[in-house]
Student: 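Handing you this structure, nothing more for now.
The figures here come from the full heavy-atom set of this structure, side chains too, leaving out hydrogens, waters and symmetry mates. Owing to the predicted nature of the structure, the values given are computational and were not obtained by experimental measurement.
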Amino acid sequence: MKNYKYSEVTPEKVYNKRRKFIKSVGLGLGSLTLSSMSLLNNAHSLENNSELTSYKDITTYNNYYEFGTGKGDPYKNSQEFKIKPWNISIEGEVESPITLSAEEILSLYPSEERIYRLRCVEGWSMVIPWMGFSLSKLLNKVSIKTEAKFVEFESVYDPEQMKGQRYPVLNWPYREGLRIDEAMHPLTTIVTGLYGKALPNQNGAPLRIFVPWKYGFKSAKVIVKIKLVKKMPTSSWMKASPREYGFYSNVNPNVSHPRWSQSSERVVGGSLLSPRVETQMFNGYGDEVANLYSGMDLKKYF
Ligand SMILES: Nc1nc2c(c(=O)[nH]1)N[C@H]1C(S)=C(S)[C@@H](COP(=O)(O)O)O[C@H]1N2
Ligand SMILES: [Mo]
């Protein structure tokens with residue numbers, strides 16, 4: 001995937017066509033390059049619902065409470081947000097804590113295209129061609145101590161620029177977390193862009209996390225701190241409503257939210273008449289991640 005270069009402005013139609021082509025190639029893997037094989041893998045887990053969501057929908061229908069709670073607020077309110085200079089610290093239970101600028105991170109780790117489904121806990125989904133790289137690459141740099149069992153992600157706190165933070169909608173700054181093995185899984189991504197372009201502010205620039213098999217809120221935007229810790233962190237959503245939002249929050253059609261079913265989802269960008277589609281266990285990434293939870297009661301650890 002690393003060598004797969006798109007022009008800066010590849011239109012989304014071309015992406016969609018290419019993906020159809022790759023699917024139609026079927027099992028003729030012999031002639032495919034490594035890069036298109038990765039795309040094929042993605043296409044594989046996307047069979048139910050394989051069209052990429054449009055750039056417009058991905059960038060104007062957002063959840064980003066720092067900039068307001070309406071879906072259109074982040075696009076409207078985040079355009080002037082300053083993302084330079086930007087530093088991210090990796091600290092806590094590590095041998096060698098480090099602070100890197102966003103530019104350093106971008107130049108140290110080349111981004112590749114990663115087409116993943118996003119399933120929001122509210123019951124809608126998108127298919128997004130992210131740019132990014134595995135978080136494990138960054139974590140390997142700091143030598144994690146054996147005492148570390150979890151990773152905590154902290155978003156920026158800047159009520160001057162983020163007017164949503166002037167209200168106690170959530171416990172600011174936005175916090176999320178993963179178990180170490182989840183954080184080290186190759187699908188767990190540091191996102192640097194989308195559709196081959198820089199990450200728009202409303203999607204969490206300069207850098208955000210993306211965890212494809214979990215509900216969208218697990219994927220913290222605009223991160224400034226990655227902290228290795230001994231105890232399970234309490235995320236902002238757990239703090240807001242522990243009955244509704246658990247630490248794991250794996251996409252699971254069999255475990256309802258207390259106020260609605262999670263068995264199906266609305267595909268953003270479809271027409272008003274489009275039927276809802278069935279939600280897949282682990283958002284379709286079960287082959288890759290189910291082993292992380294073997295023997296666990298996923299109703300209890302929701
Ligand atoms: N810092 C921060 N990160 C956040 C959120 C937020 O409000 N603040 N919303 C989450 C939710 S609920 C979802 S569904 C995704 C949405 O990502 P997108 O707007 O790029 O689609 O971001 C997640 N990350
Ligand atoms: Mo969400």
Student: Nearest 0.5 Å, what's the CD1-CG distance between I88 and L100?
Tutor: 8.0 Å
Student: CD/E112 to OG1/T189 distance, rounded to the nearest 0.5 angstrom?
Tutor: 8.0 Å
Student: Rounded to the nearest 0.5 Å, how far apart are CD of Q262 and CG of N254?
Tutor: 11.0 Å
Student: Which value, rounded to the nearest 0.5 Å, describes the distance between L187 atom CG and S134 atom OG?
Tutor: 7.5 Å
Student: Could you walk me through whether S263 and S261 pass the side-chain hydrogen bond (donor to acceptor under 3.5 Å, both in side chains) test, one step at a time?
Tutor: CA-CA 6 Å; S263 65; S261 160; 2.9 Å; yes
Student: Compute the centroid of each ring, for F247 and then for F150, and state whether the two points are separated by less than 6.0 Å.
Tutor: yes
Student: Measure up the F217 and Y215 rings against each other and bin them: parallel (under 30°), tilted (30 to 60°), perpendicular (over 60°).
Tutor: parallel
Student: Might you confirm whether atom CD of E80 has over 12 heavy atoms from other residues, nucleotides or ligands at distances under 6.0 Å?
Tutor: no
Student: Kindly compute the distance separating CD (E160) from CE (M162), expressed to the nearest 0.5 Å.
Tutor: 12.5 Å
Student: Quiz question: by atom type and distance under 3.5 Å, do the side chains of Q280 and N283 form a donor-acceptor pair?
Tutor: no
Student: If only side-chain N and O atoms count, and only distance matters, is there a donor-acceptor pair under 3.5 Å linking N63 with E122?
Tutor: yes
Student: Aromatic ring centroids of Y167 and W172 under 6.0 Å?
Tutor: no
Student: Treating T188 as the side-chain partner and M184 as the backbone partner, does any N or O pair qualify as donor plus acceptor under 3.5 Å?
Tutor: no
Student: Tell me if the NZ atom of K230 is crowded by more than 12 foreign heavy atoms within 6.0 Å.
Tutor: no
Student: Grab the two heavy atoms, one from K163 and one from N77, that are nearest each other, plus how far apart they are.
Tutor: CE-ND2, 3.9 Å
Student: E265 and S125: side-chain donor and acceptor closer than 3.5 Å?
Tutor: yes
Student: Report, as yes or no, whether the 6.0 Å neighbourhood of atom OH on Y65 holds more than 12 heavy atoms from other residues, nucleotides or ligands.
Tutor: yes
Student: Give the ring-plane orientation class for Y61 versus W124, where under 30° counts as parallel, over 60° as perpendicular and anything between as tilted.
Tutor: perpendicular
Student: Check F282, W130, Y285 against P212 for a side chain to side chain contact (heavy atoms under 4.5 Å, CB included) and give me the one that passes.
Tutor: Y285
Student: Within this structure, what is the OH-OG distance for the pair Y64 and S155, rounded to the nearest 0.5 Å?
Tutor: 7.0 Å
Student: Tell me, please, whether Y55 has K197 positioned over its six-membered ring: NZ or CZ under 6.0 Å from the ring centre and within 45 degrees of its axis?
Tutor: yes
Student: Does the gap between the ring centers of F67 and F81 come in under 6.0 Å?
Tutor: yes
Student: Would you call the rings of Y301 and Y248 parallel, tilted or perpendicular, taking 30° and 60° as the class edges?
Tutor: perpendicular
Student: Taking N171's backbone N and O only, do any of them form a donor-acceptor pair with K239's side chain (distance below 3.5 Å, no angle check)?
Tutor: no
Student: Going by heavy atoms in the side chains, are V156 and W86 under 4.5 Å from each other?
Tutor: yes
Student: Hey, is the main chain of N252 close enough, under 3.5 Å, to the side chain of N250 for a donor-acceptor pair?
Tutor: no
Student: Charged N to carboxylate O below 4.0 Å: is that the case for R166 and E66?
Tutor: no
Student: Quick one: do the S219 and R208 side chains pair a donor with an acceptor below 3.5 Å?
Tutor: no
